[in-house]
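The next block holds one structure in the form of structure tokens; read it before the comments.
In this text the structure is predicted, and so the values were computed from the model without any measurement. We count ligands from 1, going down the list as the structure has it; atoms in each ligand are counted the same way. One-based numbering along the sequence shown.
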Amino acid sequence: MKRQIIDTIEKYDKIIIHRHVRPDPDAYGSQSGLKELIKANYPEKEVYAAGTHDESLTYLAQLDQVNQALYEGALVIVTDTGNTERIDGEFYTEGALLMKIDHHPDADPYGDVKWVNTSSSSTSEMIYTLYEEGKESYGWKMTTEAARLLFAGIVGDTGRFLFPSTTVNTFEIASELIKFDFNRTELFAGMYEVKRDLLHLKGYIYQNFTMDANGAAFVKIDKVTLEQFGVTASDTSQLVGALGDVQGICAWVIFIEEDDQIRVRLRSKGPVINTLAAQFGGGGHPLASGASVHSWEEADEVIEQLKKLCI
Ligand SMILES: [Mn+2]
């Protein structure tokens, strides 16, 4: 599979890489990490990272401007994105070939070439194993910048190596990546320094969540509360893991009211919850997913379904 991917990359002079909307470090890490690797090993190729830039990830990478004409004859690679609805950026279907590289469940098997590994901690980890194959068979080199990006993706998706998706391989790859001379302290600051306002909102979450006897928990944060704390809805992505350290918790949902919808952020310690997310038009990982609902009544339905999963 990896050879087929590298052979395909070698065939195209122009490569455009996409990833999912509402990006996280693994989305940026796999997208821009792959871009850096291809650029370093095939300097004559044009490689672009497409999508809408997220200010909170500026410490990782900047994106490239792409237009429709650029897609003609291009290889388009989409990383870290399970389904086409979540692909960020237009025109991704307009290249000569579409390739999917991802670690989410393959519910939507899009693309002409697909490489899906759900047992990988992150797509960034997959990109590292692609590099290993490249190194072995094609003489690929790693760069410090690619190492920094892939390391960030792995750290992000494993919750700093805490999640069960973290394997012996993950640690081995991380230990290889930190041999490169990037500034880890600076990287961690970019990833985890939390604004004071956000910490106050975190306190609010711990003071106001509700949990039943089976460990199903929820908290609702409406727009007024967000304004009171001076926090934007997108800032709250840093708080999804909150409540995970509550003793006895089974699964939880944090609702964030936005202008036109209520964002549903689901996390679990055991029961699979991406099926629940899918019932409400969302998706994601078995233990970390999201969806959107359009009323607090609908939010209550999510809570009822979540309670059933924890029995
Ligand atoms: Mn990922």
Side-chain angles (χ1 to χ4, degrees), residues 1-2 5 17-37 49-54 56-57 59-61 63 77-89 92 99-111 114-131 146-167 169-171 173-174 177 187-188 190-192 234 237-238 240-241 244 263 265-268 272-274 277-278 282-291:
M1 191 68 237
K2 289 173 224 164
I5 285 171
I17 311 174
H18 286 249
R19 40 86 195 145
H20 61 78
V21 292
R22 285 180 223 106
D24 53 20
D26 187 37
Y28 261 52
S30 58
Q31 177 190 36
S32 292
L34 179 60
K35 175 186 154 183
E36 288 298 323
L37 275 175
T52 308
H53 180 57
D54 186 317
S56 72
L57 295 168
Y59 69 91
L60 274 182
L63 301 176
I77 304 177
V78 181
T79 67
D80 200 38
T81 311
N83 49 334
T84 51
E85 291 77 43
R86 278 176 58 74
I87 299 175
D88 188 13
Y92 68 88
M99 181 188 281
K100 176 186 192 182
I101 302 181
D102 187 33
H103 70 130
H104 297 86
D106 196 19
D108 177 5
Y110 64 86
K114 268 195 326 157
W115 177 31
V116 174
N117 181 359
T118 52
S119 60
S120 185
S121 74
S122 51
T123 306
S124 296
E125 184 176 314
M126 293 173 69
I127 301 297
Y128 184 86
T129 66
L130 186 71
Y131 152 76
R148 185 181 78 94
L149 288 159
L150 297 178
F151 185 74
I154 292 170
V155 168
D157 260 26
T158 60
R160 300 179 238 187
F161 306 104
L162 285 174
F163 300 157
S165 58
T166 311
T167 63
N169 271 336
T170 313
F171 280 111
I173 290 167
L177 289 171
L187 181 63
F188 286 135
M191 293 179 81
Y192 295 112
S234 63
S237 61
Q238 282 190 62
V240 204
R263 168 114 25 245
R265 299 186 182 281
L266 282 155
R267 290 294 183 273
S268 170
V272 168
I273 41 144
N274 54 1
H285 298 278
L287 303 181
S289 344

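Coordination check, D24 versus the Mn ion (ligand 1): failed, since every N/O/S atom of the residue sits at 2.8 Å or beyond. At a threshold of 2.8 Å, the Mn ion (ligand 1) has no backbone or side-chain N, O or S atom of H285 nearer than that distance. Using a cut-off of 2.8 Å, one finds that D102 contributes no N/O/S atom close to the Mn ion (ligand 1).
Note on D157: its N/O/S atom closest to the Mn ion (ligand 1) is OD2.
The aromatic rings of F161 and F171 lie parallel to each other, their planes meeting at an angle below 30°, with 60° marking the opposite boundary.
Ion pair R86/D108 not flagged as a salt bridge, since none of the NZ, NE, NH1 or NH2 atoms sits closer than 4.0 Å to an Asp/Glu carboxylate oxygen.
Atoms OD2 of D26 and OD1 of D80, as seen from the Mn ion (ligand 1), are separated by an angle of 90°, to the nearest 10°.
Taking both residues in full, the closest heavy atoms of E125 and I173 are given as CG-CD1, 3.5 Å, listed atom of the first, atom of the second, then distance.
Looking only at side-chain heavy atoms (C-beta outward), D80 and H103 come within less than 4.5 Å of each other. Between V155 and M191 there is a side-chain heavy-atom pair separated by less than 4.5 Å.
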